[in-house]
Student: 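Can you keep this structure in mind? I'll have questions shortly.
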Protein chains: 4
Amino acid sequence: MPADGAPKFRRRKAERPAEILAAAMAVFAERGFAGARLEDVAARAGVSKGAIYLYFATKEEVFRAVVDQSLAPDIEAVKAMAAAHQGPFPDLLRLLVGRMVGLVAHTPVGGVAKMVIGEARNFPELARVWHDRLVSQAVEALTLAVAAAQARGEVRAGDPRLFALQIVAPLLIGVIWRETFTPIGAPDVDIEALAAQHLDTLLDGLMLRKAA
Amino acid sequence: MPADGAPKFRRRKAERPAEILAAAMAVFAERGFAGARLEDVAARAGVSKGAIYLYFATKEEVFRAVVDQSLAPDIEAVKAMAAAHQGPFPDLLRLLVGRMVGLVAHTPVGGVAKMVIGEARNFPELARVWHDRLVSQAVEALTLAVAAAQARGEVRAGDPRLFALQIVAPLLIGVIWRETFTPIGAPDVDIEALAAQHLDTLLDGLMLRKAA
Amino acid sequence: MPADGAPKFRRRKAERPAEILAAAMAVFAERGFAGARLEDVAARAGVSKGAIYLYFATKEEVFRAVVDQSLAPDIEAVKAMAAAHQGPFPDLLRLLVGRMVGLVAHTPVGGVAKMVIGEARNFPELARVWHDRLVSQAVEALTLAVAAAQARGEVRAGDPRLFALQIVAPLLIGVIWRETFTPIGAPDVDIEALAAQHLDTLLDGLMLRKAA
Amino acid sequence: MPADGAPKFRRRKAERPAEILAAAMAVFAERGFAGARLEDVAARAGVSKGAIYLYFATKEEVFRAVVDQSLAPDIEAVKAMAAAHQGPFPDLLRLLVGRMVGLVAHTPVGGVAKMVIGEARNFPELARVWHDRLVSQAVEALTLAVAAAQARGEVRAGDPRLFALQIVAPLLIGVIWRETFTPIGAPDVDIEALAAQHLDTLLDGLMLRKAA
DNA sequence: TATGAATGAGTTTTCATTCAT
DNA sequence: TATGAATGAAAACTCATTCAT
């Protein structure tokens, strides 16, 4: 039933799971869940198909682990943002958005986000985890900050949760653009520039104000 | 099988393709491209599996057609928006955003957008079509409008394309939220309210201005 | 994703399931459940692998169906036997055993029985069905017949259920022998002769009786 | 890992193979050949997967060894039975059957027999070994004893080999029942009672004899 | 000797696609 | 045109077997 033949394997370690997940993240981001072949993940990780099953029970499990793992550092960042709550609102906002731009630029959140969006119907738990652990945390932190600023009379009246979404939206669109349209040759979006301009606009409005 | 009293006014030939695409849109939106079974599409369309192949050569072709078809009306709307270029900028902006909210609320663009995002890597042509025919048109129209308003001294300085993205972003986020998080029980986003508040903020800024 | 190439299939019918089950019975009997490859079943049935799944959801389902199907005719026979309950016990016994020999000789019960025995632990439901629908029916019928004969003073005292097992045992051993040892070249067992001799012995005892 | 107080008197080397075979017997009896995972055998034996291969070349080899090993003691018993050939036939028969009941009740022959029956087609050598070393020995011994008794005028005319099968059959059926139907909740068979009643019936016949 | 991580052939199952009717 | 039975390539997953340690 088995084989004979040539030399097979070499090493053995505890980094395997992480290596596999890194490979999986890339493949999932490229092909989506259903389109990803575990064999490709294995190849990318420099491992055999079977080795994956040494660490993860199913393809779904791998997918979940990828999403899960990509959350950890971001959650910390979000918490840090939430803790930053001091000083005048514009400063706070600049700080928060700056943090988010950093995240978005230096981690593969974009790819994972795309996966979550694309597979939300097939894997509701993923959408749930992503929402509960990341999105809702961020939104809540922002919402509170906005509400506080409103209370202080710094920020105009309005639904603070919607304000939170408004704040985050361009960043997300930037990320999605990068994942969706840049690869097909559409002009890239400079997320940092977008964020900067967004901040200014957000704070002061789009319209010029004639000198009183 | 006829002997039942129900009227047999099944539409014929001409509507078939449209019916199939409608069914396909629903199934693709639910399961994604790979997850969608043509058999389900057929069942949903009240048609045999084979019949699909009478009109479309492959599953990909069906997918393409779905995206393509969902574009047509929107493109018109975009063009209409583009044509609306008159009057003071705020009025224009309200008009445009209003149109987009209507579109987003009354058509399944949300579902299709999600598909395009999720499968962009697997079907770059889709992303391209979607971008070229819809996104870039809308962005361009907005960019031009912004630029014109800047020329007129109505709008502050800044990259008009980024302004365009800023304008659209919250709407898109709303749509994505609706497709991704609402189904898992997250609090819904009231897109109309979001748009309204977004407009106000955009025009006047987030910050309260002390009376001079 | 699919193929091109040469002509594929021919006919189409309602006999398919039966054909598949016949093939499956043979393959299962030869290789056991786990050892049987559905591909072989398909080949034997002159059908493609996929075709099996048109009629049965899983390999287990096929297995179940095989056992199930092999039961039907036998159950009738058992019921017929049970209905035969008349006349002096020796006549009844000859009748019953004759019937069973016929069954055993002209149907593949042997092969199926072997499968049930071999896979009882893996598929308890099979053992249960086999027991409830076939074995216990037969045993019960025999038990009742024996008990009646005891009441009539025809048969000696003793546990009638055990008598029933004694009656059936040599037949079953014959069948099992045929499935297990005959194929490896062991001398065959002439089940009819065994049955005949068994009947005589059973009725009169093994021992010669000196003339009073 | 030592620092706990439990005595560490693990047996060493010599017992390993036997321990592995004992574990294997259990697993094979539970799952059949194909269904048994060597990993489970290893776990059950308190040994690593690799260790099995230190003693046995393949899974088949392990299977063979299990069957082989389970034969040894039984063969002795059979030989002993064969040697017992003295005195009047009924005494002999009681002795022989008594021995067999003991065997059957106190060893796992039942489980092994089931395996042999179930895998006979896949592993003909097993069926052959089982037949040649055990079954045919027992049958032959019985056959000779019967023939001798016939010669002495103790036993009625008839094929002595078939008589031998008749003698053994109920015991085997009892064992098979225990392995097949008892686990699914069918009423158990009291093998000792079955044997006792079988002996009586065999010797004297099922039918009551009117007083001369 | 003993371990257990790693391998990869082999099997089930799915589903886009074909084609006889 | 329309049907749906049939096909078969593709991919997840299992587990006997190997071998570096």
Side-chain angles (χ1 to χ4, degrees), chain A residues 1-14 16 34-42 46-62, chain B residues 12-13 16 34-42 46-62, chain C residues 1-14 16 34-42 46-62, chain D residues 12-13 16 34-43 47-62:
Chain A
M1 293 133 182
D4 55 338
K8 309 273 172 61
F9 36 72
R10 325 277 113 86
R11 49 199 171 151
R12 158 195 39 129
K13 20 189 175 172
R16 271 291 140 80
R37 288 164 35 207
L38 241 27
E39 193 153 14
D40 291 345
V41 172
V47 154
S48 77
K49 231 185 329 163
I52 295 180
Y53 288 89
L54 250 26
Y55 304 101
F56 306 95
T58 65
K59 191 185 179 182
E60 285 195 29
E61 215 58 35
V62 176
Chain B
R12 286 287 146 185
K13 334 183 195 183
R16 278 287 196 264
R37 287 162 38 197
L38 242 25
E39 190 153 18
D40 290 345
V41 173
V47 155
S48 76
K49 230 185 332 168
I52 295 180
Y53 285 86
L54 255 23
Y55 303 102
F56 307 95
T58 66
K59 189 186 183 183
E60 287 194 28
E61 215 56 37
V62 177
Chain C
M1 294 130 182
D4 55 340
K8 309 273 173 62
F9 38 72
R10 325 277 112 85
R11 50 199 168 153
R12 157 195 40 130
K13 22 187 173 174
R16 271 289 140 80
R37 287 164 36 205
L38 240 26
E39 193 153 15
D40 292 345
V41 173
V47 153
S48 76
K49 234 182 330 164
I52 295 181
Y53 287 88
L54 251 25
Y55 302 101
F56 306 94
T58 64
K59 188 184 180 184
E60 284 196 31
E61 215 57 35
V62 177
Chain D
R12 285 290 148 182
K13 334 184 193 183
R16 277 288 194 263
R37 288 162 37 197
L38 242 26
E39 191 153 16
D40 290 346
V41 173
V47 155
S48 77
K49 229 185 334 170
I52 296 181
Y53 286 86
L54 255 24
Y55 303 103
F56 307 95
T58 68
K59 190 187 183 183
E60 286 194 29
E61 215 57 37
V62 177

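Worth saying up front: this structure is predicted, and the values here are computed from it rather than measured. To find a chain, count down the sequence lines: A is the first, B the second, and so on, and within it residues start at 1.
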Student: When we call it a touch if two heavy atoms are under 4.0 Å apart, what does D/A43 touch: a base, just sugar-phosphate, or nothing?
Tutor: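 Nothing: the residue D/A43, judged by heavy atoms under 4.0 Å, touches no strand.
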Student: With sequence neighbours left out, write down each residue that passes salt bridge (Lys or Arg N to Asp or Glu O under 4.0 Å) with D/E61, or none if nothing qualifies.
Tutor: D/R64
Student: Please tell me which of B/G50 and D/G50 maps to the more 5' nucleotide of DNA chain F, matching each residue to the nucleotide holding its nearest heavy atom.
Tutor: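 Looking at the nearest nucleotide for each, B/G50 comes out on the 5' side.
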Student: Please find the pair of heavy atoms, one from B/F56 and one from B/V62, that lie closest to each other, and give the distance.
Tutor: CB-CG2, 3.5 Å
Student: Measuring from D/I52:CD1 to D/R16:CZ, what's the distance to the nearest 0.5 Å?
Tutor: 11.0 Å
Student: Just the rounded figure in Å: distance from C1' of E/dT14 to CG of C/L38.
Tutor: 13 Å
Student: Starting at the 5' end of DNA chain E, what dot-bracket string do you get if Watson-Crick and G-U pairs under 3.5 Å are bracketed, crossing pairs use [ ], other-strand pairs use | and unpaired bases use dots?
Tutor: .||||||||||||||||||||
Student: Applying a 4.0 Å non-hydrogen cut-off, can you work out what A/A36 is touching in the nucleic acid: base, sugar-phosphate, or nothing?
Tutor: sugar-phosphate
Student: Roughly how many Å is it from CD in D/E61 to C1' in F/dT17, rounded to a whole number?
Tutor: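 It is 14 Å, rounded to the nearest whole Å.
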Student: Taking CD from B/E60 and C1' from E/dA16, how many angstroms apart are they, rounded to a whole number?
Tutor: 11 Å
Student: Which residue, C/K59 or D/S48, contacts DNA chain E at a nucleotide closer to its 5' end, judged by nearest heavy atom?
Tutor: D/S48
Student: Using whole Å, report how far CG of B/D40 lies from P of F/dG4.
Tutor: 15 Å
Student: Counting only pairs under 3.5 Å, give me each side-chain donor-acceptor contact of residues 34-42 of chain C, with atom names and distances, residues two or more places apart or in other chains.
Tutor:
none

Student: Mind calculating the distance between CG (B/L54) and P (E/dT17) to the nearest angstrom?
Tutor: 15 Å
Student: If you go through the side-chain atoms of B/K49, does one of them form a donor-acceptor pair with the base of E/dT17 closer than 3.5 Å?
Tutor: yes
Student: For B/G46 and A/T58, find the nucleotide of DNA chain F closest to each by heavy atoms; which residue's nucleotide sits nearer the 5' end?
Tutor: B/G46
Student: Report yes if at least one side-chain N or O of A/R16 is closer than 4.0 Å to OP1 or OP2 of E/dA6; otherwise report no.
Tutor: yes
Student: Roughly how many Å is it from OH in A/Y55 to P in F/dT14, rounded to a whole number?
Tutor: 16 Å
Student: Please give, in whole Å, the distance from F/dG4 P to C/Y53 OH?
Tutor: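 Spelled out: OH on C/Y53 to P on F/dG4 is 24 Å.
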Student: Can you measure B/I52 atom CD1 to F/dG4 atom P for me and round it to whole angstrom units?
Tutor: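 Nearest whole value for this atom pair: 13 Å.
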